Amino acid sequence: MNELDFALDTKAIDDEGRIEGLAVGYGNLDFGGDIVLPGAIKGLKKSIPMLMFHDQKRPAGVWTEFQETSEGLLAKGRFSLSTLTGKEAHGLVKDGAIGGLSMGYRALKHKIVGRARHLAEIALHEISLVTIPMNEKTLITSFKDILSGGELPTVREFEDFLREAGGFSKTLAAGIATKAQPLLNRGEPESADELAEFLKALQA
């Protein structure tokens with residue numbers, strides 16, 4: 001299953017546990033090089049699970065209303081405030097600690113345009129809450145924080161960063177971190193530009 005992230009406006013939440021946000025954005029190029037085309041979502045179900053970080057063992061609520069807009073698919077749902085995970089998720093979103101939505105999907109039809117994969121038809125399986133939406137700019141900004149000690153992180157530390165700050169699944173984060181091992185063993189980056197190139201190399 002693939003994942004694609006978008007920023008969440010934390011104003012779109014209330015004390016009763018209702019939440020809404022752009023679950024799928026059209027024309028947005030993500031860190032993995034995917035773009036969702038308008039009308040790509042097919043066979044949308046009446047309700048879709050709301051998960052924490054794509055973890056099927058951590059359901060936080062359910063998405064029950066969907067509306068196509070010019071920007072993308074607007075989703076409305078409700079936290080399961082009778083559960084610990086639901087209460088935790090509601091509090092984290094309300095406090096601003098969680099700032100993104102990420103859809104878990106399967107690509108049914110796509111075409112490659114340049115270096116981007118244009119998704120023409122997808123099956124949406126779940127919509128997760130993530131700490132930071134997955135995109136290059138936010139990753140570079142967050143990555144600078146863990147470089148404050150003057151050294152690059154270990155493979156395990158980088159994997160944890162991708163999961164916690166980037167909202168990647170455990171499997172995807174482990175795969176990226178392993179692929180990045182030669183770069184992580186290289187030593188301290190010389191500049192912000194080199195850091196940017198380091199992150200871009202993960203897409204290759």
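All values reported here derive from a predicted model rather than from experimental measurement.
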### Task
Could you verify whether a donor N or O on one side chain and an acceptor N or O on the other, from Gln67 and Thr69, lie under 3.5 Å apart?
no
### Message
If I take atom NE2 from residue His110 and atom CD1 from residue Ile112, how far apart are they, to the nearest 0.5 angstrom?
### Response
4.5 Å
### Message
Is there a path of hydrophobic side-chain contacts, each under 4.5 Å between heavy atoms, that joins Leu119 and Leu44?
### Response
yes
#### Entry: His118 and Asp34, any side-chain heavy atoms less than 4.5 Å apart
no
### Task
State, yes or no, whether a side-chain contact exists between His54 and Ser102 at a heavy-atom distance under 4.5 Å.
yes
### Task
Report yes if the side chains of Thr131 and Phe53 come closer than 4.5 Å at any heavy-atom pair, otherwise no.
yes
### Message
Going by side chain to side chain donor-acceptor pair (under 3.5 Å), name the residues that satisfy it together with Glu71, two or more places apart in sequence or in a different chain.
### Response
none
### Message
Nearest 0.5 angstrom please: Ile127 CD1 to Phe66 CZ, how far?
### Response
5.0 Å
#### Entry: Listed partners of Glu121 passing salt bridge (charged side-chain N to carboxylate O under 4.0 Å, His left out), at least two apart
Lys109
## Note on the structure
Here the gap from Ser128 atom OG to Ile98 atom CD1, rounded to the nearest 0.5 Å, amounts to 10.0 Å
### Message
Pair Arg58, Glu88 - check salt bridge (charged side-chain N to carboxylate O under 4.0 Å, His left out), show working.
### Response
CA-CA 11 Å; Arg58 300 189 68 192; Glu88 176 189 9; 2.8 Å; yes
## Note on the structure
When every non-hydrogen atom of Ala60 is compared with those of Ala89, the smallest separation belongs to CB-CB, 3.7 Å
### Message
Any heavy-atom pair between the side chains of Phe79 and Leu129 that's under 4.5 Å?
### Response
yes
### Query
Side-chain contact, heavy-atom cut-off 4.5 Å: Glu20 with Leu74?
yes
### Query
Distance from Leu124 atom CG to Tyr105 atom OH, nearest 0.5 Å?
10.5 Å
### Query
If every non-hydrogen atom of Ile122 is compared with every non-hydrogen atom of Met103, which pair is closest and at what distance?
CD1-CE, 3.6 Å
### Point-to-point distance, once rounded to the nearest 0.5 Å, from NZ of Lys111 to CD1 of Ile35
11.0 Å
### Task
Quick one: do Thr64 and Lys46 satisfy side chain to side chain contact (heavy atoms under 4.5 Å, CB included)? Show the steps, please.
CA-CA 6 Å; Thr64 57; Lys46 292 183 178 180; over 6 Å; no
### Query
Shared ILVMFWY cluster between Leu22 and Ile13, side chains joined below 4.5 angstrom?
no
### Query
If two hydrophobic side chains count as joined below 4.5 Å and joins carry through other members, does Val93 share a cluster with Val62?
no
### Query
Under 4.5 Å between any side-chain heavy atoms of Val130 and Leu101, yes or no?
no
### Task
Decide yes or no for Met50 and Ile19: does some side-chain heavy atom of the first lie under 4.5 Å from some side-chain heavy atom of the second?
yes
### Message
Quick check for you: to the nearest 0.5 Å, what is the distance between Lys57 atom NZ and Leu51 atom CG?
### Response
13.0 Å
### Task
May I ask you to decide whether Asp15 forms a salt bridge with Lys94, counting only side-chain N to carboxylate O separations under 4.0 Å?
yes
### Message
Treating His90 as the side-chain partner and Arg18 as the backbone partner, does any N or O pair qualify as donor plus acceptor under 3.5 Å?
### Response
no
### Query
Does Leu84 CG have over 12 foreign heavy atoms under 6.0 Å away?
no
